[in-house]
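Remember, predicted model here, so these are calculated numbers, not experimental data.
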Amino acid sequence: MRGIYSLTALVVSALTLLSSTVVDAKSATGDRVLVVLDSLAEKDLYSQFWQQLEDRQFQLLFREAEDPTTTLNYFGESLFNHIIHFAPKNSKLGQHTSLNNVQLVDFVKKGGNLLVASGVEASDSMRALAAEFDIELDTDSVFDHTNYDDKHDKIATNEFVGPSSIIDSAKVNAPVLYSGTGLKVGQLPLSTAIMAAESDAFLADSYNKRTKALDRVTLVGALQSRNSARVTFVGSLNVFSDEYLTVSVNIGSDKSFEKSGNEEFVKQLTQWTFQEKSVLKVVGHSHRKQNDTQQLDWYRVKDDITYDVDISEYKNDQWVPYHANDVQLEIIMLDPYIRTTLQEIPTETNFGRFEANIKLPDVYGVFTLKVNYKRKGLSYILAEDQVSIRPFRHNEYPRFLTAAYPYYASTGSMIIGFLVFSAVWLSTWGGRNNTNVVADKKLKAN
């Protein structure tokens, strides 16, 4: 009987989620969020964080890590757009439920976004999940004897080391309070560190092992997969707690703030993770001959063409023109033959237009016109067009080449010389023949 009730609850919740629309969602990908906790009793510890998400029109569904009814798919359709994983201590995740690390990795591969918060007591399952995304969780607490509030393991930091497209430090007006462990972000170009501790901070087991004074402990890291799905790891659950979001900050005797910067930091971090900002899309791309409007499937070698691509950015709940000076176009046949920077062209639309005038290479074959734009903190965009470049036809070559004038002159001089020689030769031998004929006639007359 209990199993029937569980199945009924699952079906009802699935139908509810599938019937919801994303028209009013703040996120560019959807508003359905699964929240996984070690225990539902911990839900009240983060009530302000949940309220912040609900105010941004997210639909939250709370589940315990060991809940056997938890599933991510229903008849092949994903039930959620985002997952908040706040269950670092649970080592049985996946043993009695359909939610495990394999499912979470597959969720990201399908385009879902993942926010994970851990701590010193992270389970082996949590550490294995972090390793899947090129992140290694440390095993000891972070301490700071200079920048701390009340306790040496309750540190304060303003070190935002990630790009401004993730965290705009100008809007975080107070230090962020943090108590937990550190993490190491790998060397993949898809990975990036977001926030670090101050320079005096250290891990408990590495205080005597630091070799560089500028070594800093990373606190928050992220990976954006090739499909632009975003995964963020935070080494502290307390960052999201009501206590840290509202408490005042006192650093020593000379630095005090009425409210920590956690609320603004958490807001910006989740906005980026859930794709509410820094999301790019290609509206359109085209190519044509210069001073022409028709797009062709082929061009001739050394033709002058114009290429343009239109890019929009999702910002403040709407698509606006994207502005940049580093968008590049590549013309590729196995290797790039041409790589050039596109120039932004002013428009009155909701997208930014980038354009370049190019002379095609003097090589014929099948080429790809590619804009492969990958920048940390921004979703990746790819625009490709395949065109053929053919050689000149026999009747398209110029009749006379300037560089060949010396050859033309030598040919003409040879012809003229031959004619002059022929004329001289004919006149000389012709005169002699006439003289011989007259002499023969005289001899015969005599």
Side-chain angles (χ1 to χ4, degrees), residues 22 25-37 46 48-61 72 78 80-88 104-105 107-118 126 129-130 132-135 137 160-169 171-172 176 178 180 183 185 188 190-195 218-237 239-240 245 261-280 313-317 375-380:
V22 297
K26 299 290 185 180
S27 170
T29 58
D31 60 0
R32 298 170 293 176
V33 183
L34 172 65
V35 182
V36 182
L37 301 170
Y46 316 100
Q48 293 188 29
F49 176 51
W50 311 138
Q51 187 61 48
Q52 185 187 102
L53 294 177
E54 290 174 348
D55 290 343
R56 282 151 48 193
Q57 302 176 8
F58 285 101
Q59 302 177 19
L60 307 181
L61 180 64
L72 301 182
S78 179
F80 307 98
N81 307 110
H82 323 281
I83 293 178
I84 298 176
H85 190 344
F86 279 10
L104 292 174
V105 172
F107 173 77
V108 174
K109 288 181 178 179
K110 293 179 179 179
N113 304 303
L114 183 62
L115 172 64
V116 184
S118 179
M126 175 67 77
L129 178 63
E132 292 285 348
F133 299 105
D134 196 35
I135 291 175
L137 297 175
F160 303 110
V161 295
S164 59
S165 55
I166 300 178
I167 301 295
D168 185 357
S169 58
K171 296 181 179 179
V172 185
V176 175
Y178 185 99
L183 51 86
V185 178
L188 290 178
L190 306 176
S191 304
T192 182
I194 296 177
M195 186 175 74
T218 302
L219 306 178
V220 182
L223 179 141
Q224 185 169 249
S225 62
R226 297 185 185 278
N227 62 357
S228 292
R230 295 169 177 177
V231 180
T232 302
F233 274 81
V234 183
S236 169
L237 273 168
V239 169
F240 303 91
L245 262 63
N262 288 53
E263 183 176 4
E264 180 63 28
F265 169 72
V266 166
K267 177 183 177 181
Q268 292 194 43
L269 184 67
T270 53
Q271 282 179 334
W272 181 83
T273 304
F274 296 159
Q275 299 199 33
E276 296 176 76
K277 67 175 185 177
S278 302
V279 179
L280 304 181
E313 179 183 7
Y314 191 68
K315 182 189 296 184
N316 299 325
D317 311 331
R375 298 295 183 272
K376 287 185 181 297
L378 297 172
S379 57
Y380 309 136

Chi angles and distances behind the side chain to side chain contact (heavy atoms under 4.5 Å, CB included) call for His82, Leu115: CA-CA 8 Å; His82 323 281; Leu115 172 64; over 6 Å; no
Report yes or no: does [X] contribute a side-chain atom to a donor-acceptor pair with the main-chain N or O of [Y] at less than 3.5 Å?
{"X": "Ser236", "Y": "Tyr178", "value": "no"}
{"X": "Trp272", "Y": "Ser278", "value": "no"}
{"X": "Asp31", "Y": "Gln59", "value": "no"}
{"X": "Thr218", "Y": "Val220", "value": "no"}

What's the shortest heavy-atom distance between [X] and [Y], and which atoms?
{"X": "Asn113", "Y": "Phe107", "answer": "O-CE2, 3.4 Å"}
{"X": "Val172", "Y": "Gly261", "answer": "CG1-O, 3.9 Å"}
{"X": "Leu237", "Y": "Ala117", "answer": "CD2-CB, 3.4 Å"}
{"X": "Gly111", "Y": "Asn227", "answer": "N-ND2, 3.4 Å"}
{"X": "Val36", "Y": "Ile83", "answer": "CG2-CG2, 4.5 Å"}
{"X": "Leu183", "Y": "Gly235", "answer": "CD2-N, 4.0 Å"}

Side chain to side chain contact (heavy atoms under 4.5 Å, CB included) between Phe133 and Val105, worked out: CA-CA 9 Å; Phe133 299 105; Val105 172; 4.1 Å; yes
[Y] versus [X], side-chain donor and acceptor atoms under 3.5 Å:
{"X": "Ser165", "Y": "Arg375", "result": "no"}
{"X": "Arg230", "Y": "Gln224", "result": "yes"}
{"X": "Glu264", "Y": "Gln268", "result": "yes"}

Residue Asp55 excluded, over 12 heavy atoms near CG under 6.0 Å: yes
Over 12 non-hydrogen atoms of neighbours within 6.0 angstrom of NZ in Lys267: no
Check against side chain to side chain contact (heavy atoms under 4.5 Å, CB included), Val231 and Ile135: CA-CA 10 Å; Val231 180; Ile135 291 175; over 6 Å; no
Intermediate values then yes/no, side chain to side chain contact (heavy atoms under 4.5 Å, CB included), Tyr380 and Leu190: CA-CA 10 Å; Tyr380 309 136; Leu190 306 176; 3.4 Å; yes
Contact check, side chains of Tyr46 and Leu53, non-hydrogen atoms, under 4.5 Å: no
